[in-house]
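What you see is a predicted model, and the numbers here were worked out from it, not measured in a lab.
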Amino acid sequence: MNEPISAERGSTDSILCVRGLQKSFGSLRVLRDISLEVDKGNVVSIIGPSGSGKSTLLRCATFLEQADDGDILYDGRYALRGGVWAPRAELTQLRRRFGLVFQNFQLFPHYSVLKNITEAPILHGEDRDRVRERALALIAKMGLAGKENAYPYQLSGGQQQRVAIARALAMNPEILFFDEPTSALDPELTGEVLKVIRQLAEEKMTMVVVTHEMPFAKAVSNRVIFMADGVIVEQGDPLAVFDDPKEERTKQFLRVFER
């Protein structure tokens, strides 16, 4: 790897700016020149067929994968520039700006609900009592009051995912990423989780949501991005993308959900 770049400011006013992102795994090109911006208070839904690069895009944006080329900026500060990470100290600061909710919960099985939520803020030096107070408020907000001392195996999938959302919110992120948050849930539990995300949208939480829930994406998003084969095929206002798509590939994908 080259020497780390200085994380100087870029020109964007967006919370997140991705420019020209490229990512390959061996000979397989997964992301091809991906560029997007996410403004404060907006919900951006990313839709598309399996294997289109949606989850890889989120993993690059949250530093779990390193892109081969391109830029990633948070609040105008470079996390990645030309495929090279900013210095470690800068990445540590930028990592505090976002939270990530995985499709399969990723809770610590040996921790209670309360400890799952409080562990990270306490490790980052926050006051233990304040963290506990915030965590209890989040537990109540997620409809899980009384479950503070329960363990993940004692919860339904929907409850576990709501704990995961509370855990992400406990760090007071500026933006939340969701990687297919309902794909592991049955329809009834899916509704529980989508209700929470809708509530966050109403509260103007900035979110990027990879989802196969088309009615949800249409109703809640400020912008919808359709990806296929590692590129952004089409993006825009949800009503325009869903009701009047311009690209044939978008039309083909959405026809599946009209049957």
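Using a cutoff of 4.0 Å between basic side-chain nitrogens and carboxylate oxygens, E234 and K246 are not scored as salt-bridged. In summary, R134 and E126 engage in a salt bridge, as defined by a charged side-chain N under 4.0 Å from a carboxylate O. A salt bridge does not link R95 to E90: none of the charged nitrogens lies less than 4.0 Å from a carboxylate oxygen. Using a cutoff of 4.0 Å between basic side-chain nitrogens and carboxylate oxygens, R29 and D229 are not scored as salt-bridged. A salt bridge links R255 and E248; the closest N-O separation between the charged side-chain nitrogens and carboxylate oxygens is under 4.0 Å. Ion pairing between a basic and an acidic side chain is recognised when a charged N comes within 4.0 Å of a carboxylate O; D75 and R97 show such pairing.
In terms of heavy atoms, L16 sits closest to I72 at CD1-CG2, 4.1 Å. In terms of heavy-atom proximity, L254 sits nearest to P245 at CD1-CG, 4.3 Å. Nearest heavy atom pair, residue L94 against residue Y78, reads CD1-O, 3.7 Å. Between P152 and N116, the shortest heavy-atom distance links the atoms CG-ND2, 4.1 Å. Between I47 and T211 the shortest heavy-atom distance is CG2-O, 3.6 Å. Residue G70 comes nearest to L80 through the heavy atom pair O-CD2, 3.6 Å, listed as atom of the first residue, atom of the second, then distance.
A side chain to side chain contact (heavy atoms under 4.5 Å, CB included) with F178 holds for exactly one of L100, I165, V193, V210; it is I165.
Using a 30° and 60° split on the angle between ring planes, H110 and F108 fall in the perpendicular class, above 60°. Between F98 and F63, the ring-plane angle classifies as perpendicular under the 30° and 60° cut-offs.
The line from CG of L138 to CG of L144 is 10.5 Å long, rounded to the nearest 0.5 Å.
Looking at S183, its side chain never comes within 3.5 Å of a backbone N or O of Q103 through a donor-acceptor pair. Of the possible donor and acceptor atoms, one in the side chain of D71 sits under 3.5 Å from a partner among the backbone N and O of G82. Side chain of S221 to main chain of K218: no donor-acceptor pair is present (N/O by atom type, distance under 3.5 Å, no hydrogens or angles). A donor-acceptor pair is defined here as one N or O able to donate and one able to accept, closer than 3.5 Å; no such pair exists between the side chain of Q160 and the backbone of N104. Remark: side-chain polar atoms of K23 are not paired, donor with acceptor, to backbone N or O of L57 under 3.5 angstrom. Here the side chain of K115 pairs no donor or acceptor atom with the backbone of N149 at under 3.5 angstrom. Looking at E174, its side chain never comes within 3.5 Å of a backbone N or O of T206 through a donor-acceptor pair. No donor-acceptor pair closer than 3.5 Å links the side chain of E203 to the backbone N or O of A201. Looking only at distances, a side-chain donor or acceptor of R223 sits under 3.5 Å from a matching main-chain atom of E37. At least one donor-acceptor pair closer than 3.5 Å links the side chain of Q159 to the backbone N or O of S156.
Taking a 6.0 Å sphere around CZ of R130, one finds it holds 12 or fewer heavy atoms contributed by other residues, nucleotides or ligands. Heavy-atom neighbours of R132 CZ from other residues, nucleotides or ligands within 6.0 Å: at or below the threshold of 12. By the 6.0 Å contact criterion, CD on E133 is open, its count of non-hydrogen atoms from other residues, nucleotides or ligands being 12 or less. Enclosure of atom NZ in K40 is not indicated, since only 12 or fewer non-hydrogen atoms of other residues, nucleotides or ligands lie within 6.0 angstrom. The environment of E188 atom CD is sparse: at most 12 non-hydrogen atoms of other residues, nucleotides or ligands sit within 6.0 angstrom.
Taking 4.5 Å as the limit, every side-chain heavy atom of V241 sits out of range of all side-chain heavy atoms of Q235. Counting only heavy atoms from C-beta outward, the side chains of M207 and L200 approach each other to under 4.5 Å.
Side-chain contact of D179 with S55: a donor-acceptor pair under 3.5 Å is present, judged by distance alone. Side chains of R32 and Q22: a donor-acceptor N/O pair is absent below 3.5 angstrom, by distance only.
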As a quick check of understanding, evaluate side-chain contact (heavy atoms from CB on, under 4.5 Å) for V44 and N222, giving each step before the final call. CA-CA 6 Å; V44 176; N222 299 96; 6.0 Å; no
Might you work through the ring-ring contact (aromatic ring centres under 6.0 Å, His included) test for F226 and F253, ending with a clear yes or no? CA-CA 9 Å; F226 171 64; F253 175 76; 5.1 Å; yes
